[in-house]
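This is the structure I want to talk about, given as structure tokens.
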Amino acid sequence: MKRVILAAGTAALLLALGTAQAAPKDEVFARGKPLAEQVDLIEKDLNTNNEIYSELTGEDRSKVRQALGRIRGVLDQYPEQAGITESAKLELYNDQQVVNTVLTKAREDSRQICTREKSTGSHRATTQCRTVAQRERDKATAQRELNSVQRGGGKLTN
């Protein structure tokens with residue numbers, strides 16, 4: 001009997017931990033908050049050179065602004081959100097998903113990671129901070145240069 005209770009308790013704890021970790025990162029649009037306020041906050045973050053979205057490309061920035069404009073249009077057309085038609089709700093939901101997808105990816109790419117690294121020939125470590133996107137670009141560049149040198153078509157550049 002004690003084993004059953006212990007197993008059930010452990011399963012409940014693991015389930016609780018699993019659901020807490022499986023929950024998506026904070027989406028840009030949070031449920032339960034007024035939509036107009038969230039649109040204003042997102043536009044403010046996009047307009048200021050905020051580090052949150054520093055890796056957002058011009059094309060993605062334009063796509064987000066267009067979606068926010070359509071959302072604002074629906075909110076202006078239906079001040080009472082209870083009267084929104086089904087087609088307008090669908091468009092609103094789709095635009096929210098576009099914004100969530102693009103900005104969540106940009107926020108993850110703009111996250112800084114700092115590491116302690118020793119230079120070649122030195123025992124002194126320095127702190128190197130780069131965004132996730134910068135690290136990926138550095139890795140891709142190093143791989144291209146290595147492939148070029150291995151094929152004999154080029155030499156390493158500094």
Steps toward side chain to side chain donor-acceptor pair (under 3.5 Å) verdict (Asn94, Arg70): CA-CA 10 Å; Asn94 288 338; Arg70 289 189 300 267; over 6 Å; no

Interatomic spacing from CD in Glu136 to OG1 in Thr131 - rounded to 0.5 Å: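 The CD atom of Glu136 sits 8.5 Å away from the OG1 atom of Thr131.
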
For the atom pair CG (Asp60) and CG (Leu103), what is the distance rounded to the nearest 0.5 Å?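 It is 8.5 Å, given to the nearest 0.5 Å.
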
Counting N and O atoms only, with roles assigned by atom type, does the side chain of Ser148 sit under 3.5 Å from a partner on the main chain of Arg144, one being a donor and the other an acceptor?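 No.
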
Return yes if a side-chain donor-acceptor contact under 3.5 Å exists between Asn147 and Gln143, otherwise no.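 Side chains of Asn147 and Gln143: pair found under 3.5 Å.
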
When you measure from the side chain of Thr101 to the backbone of Gln97, do you find a donor-acceptor pair of N or O atoms at a distance under 3.5 Å?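 Indeed, once roles are kept as given, a pair shorter than 3.5 Å links the two residues.
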
Spacing of CG belonging to Leu92 relative to CG belonging to Leu75, to within rounding of 0.5 Å: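 The CG atom of Leu75 is 6.0 Å from CG of Leu92, to the nearest 0.5 Å.
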
How far apart are the C-alpha atoms of Asp76 and Arg72, what are their side-chain angles, what is the distance that settles it, and do they pass the side chain to side chain contact (heavy atoms under 4.5 Å, CB included) test? CA-CA 6 Å; Asp76 290 344; Arg72 191 170 295 286; 3.9 Å; yes

Rounded distance [0.5 Å steps], CD in Glu145 versus CD in Gln150: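 It comes to 12.0 Å.
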
Quick one about Glu117 and Thr115 (side-chain donor to acceptor, distance below 3.5 Å, no hydrogens or angles considered), yes or no?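 There is such a pair between these side chains.
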
For the residue pair Gln134 and Arg130, what are the closest heavy atoms and their distance?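 Minimum heavy-atom contact is OE1-CA, 3.3 Å.
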
Would you say Ser122's side chain and Lys118's backbone share a donor-acceptor pair under 3.5 angstrom?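 Looks like no, no N/O pair under 3.5 Å.
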
So do the side chains of Arg151 and Leu146 get within less than 4.5 Å of each other, counting heavy atoms only?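 Side-chain contact under 4.5 Å: no.
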
I'd like to check Leu35 versus Gln96 (side-chain heavy atoms, cut-off strictly below 4.5 Å). Are they in contact?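 They are in side-chain contact.
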
After noting the C-alpha distance and the side-chain angles of Lys105 and Glu108, does the key distance pass the salt bridge (Lys or Arg N to Asp or Glu O under 4.0 Å) rule? CA-CA 5 Å; Lys105 172 79 170 105; Glu108 286 299 311; over 6 Å; no

Looking at CZ of Arg116 and CZ of Arg124, how far apart are the two atoms once the value is rounded to the nearest 0.5 Å?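 Taking CZ in Arg116 and CZ in Arg124, the distance rounds to 9.0 Å.
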
Has the side chain of Glu43 got a donor or acceptor atom that lies under 3.5 Å from a matching backbone atom of Asp40?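 Side chain of Glu43 to backbone of Asp40, a donor-acceptor pair under 3.5 Å: no, none is there.
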
Supply the atom-to-atom distance Glu37 CD to Ile42 CD1, rounded to the nearest 0.5 angstrom.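 Separation between the atoms: 12.0 Å.
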
